[in-house]
Amino acid sequence: MAALRLLSRSLRSSSSSSSSSSSLPLLSRGKNSYLGRGGWKYSTAAAIEEPIKPSLTIDHTQLLINGKFVDAASGKTFSTLDPRTGEVICDVAEGDAEDINRAVSAAREAFDEGPWPKMTAYERSRILLRFADLVEKHNDEIAALETWDNGKPYEQSATIEVPMFVRLFRYYAGWADKIHGLTVPADGPYHVQTLREPIGVAGQIIPWNFPLLMFAWKVGPALACGNTVVLKTAEQTPLSALYVSKLMHEAGLPPGVLNVVSGFGPTAGASLASHMDVDKIAFTGSTATGKIILQLAAASNLKKTTLELGGKSPFIVCEDADVDQAVELAHFALFFNQGQCCCAGSRTYVHERVYDEFLEKAKARAIQRSVGDPFKGGIEQGPQIDSEQFEKILRCIRAGIDGGATLETGGERFGTKGFYIKPTVFSNVQDDMLIAKEEIFGPVQSILKYKDLGEVIRRANASRYGLAAGVFTQNIDTANTLTRALRVGTVWVNCFDIFDAAIPFGGYKMSGQGREKGVYSLDNYLQVKAVVTPLKNPAWL
């Protein structure tokens with residue numbers, strides 16, 4: 001329901017969305033503090049003002065291996081950048097193959113010889129609950145760190161993502177002592193039982209768009225099941241994972257159970273995916289990289305693999321829709337988190353009877369969207385993550401224009417500093433255009449027209465992706481028809497981006513393999529053993 005809370009805030013008029021400085025703690029209040037002035041409207045602002053500097057000390061920039069923060073074996077570091085300016089926040093240890101070896105060795109020893117898998121499930125649960133309490137206590141510091149490193153609005157980090165992180169760990173703590181096998185009847189005098197055992201050392205690679213939440217999605221179920229973990233952070237956003245990992249050890253996690261390596265995909269990531277002593281790999285990121293991960297896993301020790309990959313999700317506005325509500329929900333579905341969502345509703349299909357009205361209102365809503373320093377109250381959209389993503393989005397926009405789509409608004413950078421892009425809306429988009437096929441991962445809404453349900457089902461399914469979809473209708477029969485016909489892992493009806501801890505998430509087709517969150521995620525980190533024992537003179541079978 002956290003996403004609904006964000007949506008309810010976005011429904012308010014931006015003229016009333018400014019916040020007082022007291023709502024954003026940990027921010028400097030000197031000459032660079034602009035709290036309480038409200039958000040920029042991109043159509044009138046000439047440039048981004050001097051960014052607010054968080055009053056936050058960064059203490060953890062090393063690798064976490066075997067319960068200790070240590071330098072990379074090579075001694076190398078790399079810079080993590082503030083996407084508001086492109087300037088360096090700090091330098092972080094650059095892990096590579098040798099550091100992955102050290103981390104895997106620590107995780108293997110912790111699993112084979114350490115106390116973690118031999119603890120009662122209840123005691124593991126208590127450690128996870130203590131960790132959740134510590135994160136909750138440090139909510140504001142963690143949120144500030146996430147926004148500084150990632151560029152997402154501080155209000156989003158502080159009131160949605162950190163609380164959701166806490167909720168996820170409490171959810172998985174609840175599962176720890178409820179994992180059990182079965183007693184199975186057999187055709188003969190045998191006692192048969194199944195055991196659900198931890199899989200061993202889990203390698204996990206998380207993305208930069210939701211660093212904290214992806215940490216929780218992966219680490220939570222792995223630890224609840226009794227595994228040990230080697231986590232590689234995204235090179236763009238290493239800081240929040242290192243911070244919360246410190247809190248995990250304060251909560252009582254034994255050394256070696258959770259190891260965190262910051263580094264780059266071709267070195268640290270590839271080494272983790274291909275490591276012969278890693279029993280399972282979980283990856284969230286692009287489909288292209290997911291294919292590489294799958295190849296490395298297969299070519300090494302055929303390790304179990306979970307992939308949560310790209311998407312090009314349809315958002316279908318039916319002819320009976322309340323247009324004002326549909327516009328707001330479609331806007332949220334696309335522009336949330338600067339459009340940097342794998343499940344973003346990036347193909348907005350609108351019935352021809354309401355298309356013109358929808359388009360005008362969608363354009364007006366995009367123009368109204370407040371863009372600026374994510375530490376300012378009332379800001380809806382911060383910068384894109386880095387220069388590479390920034391340039392990719394602008395190339396996609398140019399491809400849309402060159403391909404014949406109509407640019408209704410936006411389409412260029414916002415300001416002169418950092419990686420901000422104006423909220424962009426295209427009309428007259430056709431299915432064969434690049435902007436309707438490729439994952440842009442940015443604030444670019446493509447609006448397409450359709451005539452009937454059969455047509456929109458066919459077009460929505462004509463994608464190599466199948467991660468999610470949105471349906472907006474007042475007709476239950478229409479909703480039922482669409483939810484069963486769409487070949488995707490999640491269908492949101494009259495809502496979008498509802499990420500409750502218990503709701504499974506994952507894709508069809510080239511959007512991935514396996515499910516994360518909910519009870520289904522436990523299967524990723526367990527294996528089943530059958531135990532068969534003869535019965536002599538059994539009283540019953």
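The shown structure was predicted, so the numbers you read here are calculated from the model rather than taken from an experiment. Count residues from 1 along the sequence.
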query: For Glu380, does its backbone N or O pair with a side-chain atom of Ser370 as donor and acceptor, under 3.5 Å?
result: yes
(request) Kindly determine whether Glu455 and Asp452 satisfy side-chain contact (heavy atoms from CB on, under 4.5 Å), including the steps that lead there. (result) CA-CA 5 Å; Glu455 175 195 332; Asp452 56 53; 3.3 Å; yes
Q.
With heavy-atom distances below 4.5 Å as the criterion, would you say the side chains of Tyr420 and Val371 are in contact?
A. yes
Between Lys232 and Ala268 the two heavy atoms that sit nearest each other are CD-CB, 3.8 Å
Open item on the list: Quick test of your reading of the model: are Asp133 and Arg170 salt-bridged, counting only N-O distances below 4.0 Å?
Closed with: yes
- [ ] Give a yes or no on this: more than 12 heavy atoms of other residues, nucleotides or ligands lie within 6.0 Å of atom CZ of Phe264.
- [x] yes
* Should Lys152 and Glu155 count as an ion pair when the cut-off is N to O under 4.0 Å? -> no
Notebook entry, point to check: Is Lys280 positioned over the aromatic face of Tyr525, cation under 6.0 angstrom from the ring centre and no more than 45 degrees off axis?
Noted result: yes
Notebook entry, point to check: So, is the end of the Lys312 side chain (NZ or CZ) under 6.0 Å from the ring centre of Tyr465 and within 45° of the ring's axis?
Noted result: no
| Within the side chain of Lys509, is there an N or O that forms a donor-acceptor pair under 3.5 Å with the backbone of Asn461? | yes
Donor-acceptor pair between Thr284 and Lys218 side chains, under 3.5 angstrom
yes
Can a donor-acceptor pair be found, under 3.5 Å and without considering hydrogens, that links the side chain of Asp431 to the backbone of Ala436? no
Exercise. Give a yes or no on whether the backbone of Ala479 and the side-chain of Thr483 come within a donor-acceptor separation of less than 3.5 Å.
Key: yes
Between the CG atom in Leu359 and the NZ atom in Lys449, the distance rounded to the nearest 0.5 Å is 9.0 Å
Worksheet item: Would a 4.5 Å heavy-atom cut-off, applied to side chains only, mark Val229 and Val257 as touching?
Response: no
Any chance NZ of Lys137 has more than 12 other-residue heavy atoms, nucleotides or ligands included, within less than 6.0 Å? no
**Prompt:** Below 6.0 angstrom between ring centroids: does that apply to Trp492 and Phe315?
**Reply:** no
Exercise. May I ask you to say whether Asp523 pairs ionically with Arg196, meaning some side-chain N is under 4.0 Å from a carboxylate O?
Key: yes
- Verify the distance criterion only: is there a donor paired with an acceptor across the side chains of Thr289 and Ser286 at less than 3.5 Å? yes
Would you indicate whether the side-chain heavy atoms of Cys318 and Tyr450 approach each other to under 4.5 Å? yes
- After noting the C-alpha distance and the side-chain angles of Thr306 and Phe283, does the key distance pass the side-chain contact (heavy atoms from CB on, under 4.5 Å) rule? CA-CA 6 Å; Thr306 304; Phe283 169 78; over 6 Å; no
ask   = Does the pair Glu123 and Arg130 meet the rule for a salt bridge (Lys or Arg N to Asp or Glu O under 4.0 Å), with working shown?
value = CA-CA 11 Å; Glu123 183 55 32; Arg130 286 197 294 269; 3.7 Å; yes
Note to self: Pair Val491, Leu482 - check side-chain contact (heavy atoms from CB on, under 4.5 Å), show working.
What the structure shows: CA-CA 9 Å; Val491 180; Leu482 287 168; over 6 Å; no
What one should report as the nearest heavy-atom pair of Pro117 and Arg124 is O-NH1, 3.8 Å
Do Met510 and Leu309 have side chains that approach each other closer than 4.5 Å (heavy atoms only, starting at C-beta)? no
Keeping the roles fixed (side chain from Glu235, backbone from Ser262), state whether a donor-acceptor pair exists under 3.5 Å.
no
Heavy-atom closest pair (Ile127 atom, Gly252 atom, distance to 0.1 Å) is CD1-O, 3.5 Å
I'd like to know whether NZ of Lys529 has more than 12 heavy-atom contacts from other residues, nucleotides or ligands below 6.0 angstrom. no
*asked:* Using ring centroids (six-membered ring only for Trp), state whether Phe496 and Phe332 fall under 6.0 Å.
replied: no
*asked:* Is a donor from one side chain sitting under 3.5 angstrom from an acceptor on the other, for Glu146 and Ser240?
replied: yes
Between Phe131 and the options Met248, Glu136, Arg126, the side-chain contact (heavy atoms from CB on, under 4.5 Å) test singles out Met248
Review point. Between Asp324 and Lys361, is a salt bridge (Lys or Arg N to Asp or Glu O under 4.0 Å) present by the stated rule, with each step listed?
Key: CA-CA 8 Å; Asp324 290 335; Lys361 291 180 175 179; 2.7 Å; yes
Without hydrogens or angle criteria, can the side chains of Gln474 and Asp322 be said to hold a donor-acceptor pair below 3.5 Å?
no
Phe215 vs Phe169, side-chain contact (heavy atoms from CB on, under 4.5 Å): CA-CA, chis, key distance, verdict:
CA-CA 10 Å; Phe215 181 106; Phe169 269 95; 3.8 Å; yes
Subject >> No-hydrogen, no-angle side-chain donor-acceptor test under 3.5 Å, Thr473 and Asp320 >> reply: yes
Do the side chain of Asp279 and the main chain of Lys303 share a donor and acceptor less than 3.5 angstrom apart?
no
Before giving the answer on side-chain hydrogen bond (donor to acceptor under 3.5 Å, both in side chains), spell out for Thr147 and Ser157 the whole-Å C-alpha distance, their side-chain angles and the decisive distance to 0.1 Å.
CA-CA 7 Å; Thr147 289; Ser157 297; 2.9 Å; yes
Practice problem: Using a strict 4.0 Å threshold on nitrogen-to-oxygen distance, state whether Glu438 and Arg464 make a salt bridge. | Solution: yes
All heavy atoms of Phe472 vs all of Asn494, minimum pair found to be CA-OD1, 3.3 Å
On a heavy-atom basis, the closest approach of Leu526 and Pro198 is CD2-N, 4.1 Å
* To do: For this output row, return yes or no: ring centroids of Tyr172 and Trp217 closer than 6.0 angstrom.
  => no
Kindly confirm or rule out a cation-pi arrangement of Lys246 over Tyr243, judged by NZ or CZ under 6.0 Å from the six-membered ring centre and within 45° of its axis? yes
Exercise. Side-chain contact test, heavy atoms from C-beta onward, threshold under 4.5 Å: evaluate it for Leu307 versus Thr287 and give yes or no.
Key: no
Minimal heavy-atom distance between Pro254 and Trp116, with the atoms involved, is CD-CE3, 3.7 Å
* **Asn259 vs Thr228 side-chain heavy atoms within contact, under 4.5 Å** => no
Within 6.0 angstrom of Arg459 CZ, more than 12 heavy atoms from elsewhere:
yes
| query | Does the Ser521 side chain pair with the main chain of Glu516, one donor and one acceptor, at a distance under 3.5 Å? | reply | no
Interatomic distance, OG1@Thr478 vs CG@Leu453, rounded to 0.5 Å, equals 5.5 Å
query: Any chance the side chains of Tyr349 and Arg347 put a donor and an acceptor closer than 3.5 Å?
result: yes
Do we see a donor-acceptor contact under 3.5 Å between the side chains of His138 and Glu141?
yes
Just do the salt bridge (Lys or Arg N to Asp or Glu O under 4.0 Å) check on Glu388 and Lys392 with the steps written out, would you? CA-CA 6 Å; Glu388 181 179 352; Lys392 175 195 170 184; over 6 Å; no
message: Donor-acceptor pair, distance only, cut-off 3.5 Å: does the side chain of Ser511 make one with the backbone of Leu467?
response: yes
Counting C-beta onward and ignoring hydrogens, is there a side-chain heavy-atom pair between His249 and Leu64 closer than 4.5 Å? yes
- Going by heavy atoms in the side chains, are Pro423 and Gln445 under 4.5 Å from each other? no
Counting N and O atoms only, with roles assigned by atom type, does the side chain of Thr233 sit under 3.5 Å from a partner on the main chain of Pro238, one being a donor and the other an acceptor? no
Treating Thr194 as the side-chain partner and Leu182 as the backbone partner, does any N or O pair qualify as donor plus acceptor under 3.5 Å? yes
